[in-house]
Amino acid sequence: MTRQNLRTLRNVRSTAFNNEIAAELLRELAPLIANQELNRRMRCAARQLLLDAEALEDVYQQMNHPRH
């Protein structure tokens, strides 16, 4: 695997991890927000970040273990 490919793999995995952490933080903070619309938006953002994290992890797995 080339250096560029390894860097891309690391970036994809790091972004997946960061999305998951950001989603966790939003989920922890959402109950503290009294404004219901803002609370709803935070929960939606957290849900999307988790979906993106899962998709990025799938991409990482496919790139790291290509099927021949």
Taking only residues two or more places apart in sequence or in another chain, which ones pass side-chain contact (heavy atoms from CB on, under 4.5 Å) with [X]?
X: Arg7; answer: Gln4, Arg10, Asn11
X: Asn18; answer: Ser14
X: Leu49; answer: Asn19, Ala22, Ala23, Leu26
X: Asn5; answer: Met1, Thr2

Give the cluster check for [X] versus [Y]: same hydrophobic cluster or not, with ILVMFWY residues linked at side-chain heavy-atom distances below 4.5 Å.
X: Leu50; Y: Ile21; result: no
X: Tyr60; Y: Phe17; result: no
X: Leu6; Y: Val59; result: yes

Return each pair, listed once, that meets side-chain hydrogen bond (donor to acceptor under 3.5 Å, both in side chains) where at least one residue sits in residues 28-42; pairs must be two or more places apart or across chains. Glu37-Arg40, Asn39-Arg43

For residues 49-58, pull every pair meeting salt bridge (Lys or Arg N to Asp or Glu O under 4.0 Å), keeping only residues two or more places apart or in separate chains. Arg13-Glu57

Closest approach of Glu20 to Ala53 (non-hydrogen atoms, all atoms of both residues): N-CB, 4.0 Å

Please round to the nearest 0.5 Å and tell me the distance separating atom CG of Asn64 and atom CD of Gln61. 6.5 Å

Rounded to the nearest 0.5 Å, what separation is found between the CG atom of Leu32 and the CE atom of Met42? 8.0 Å

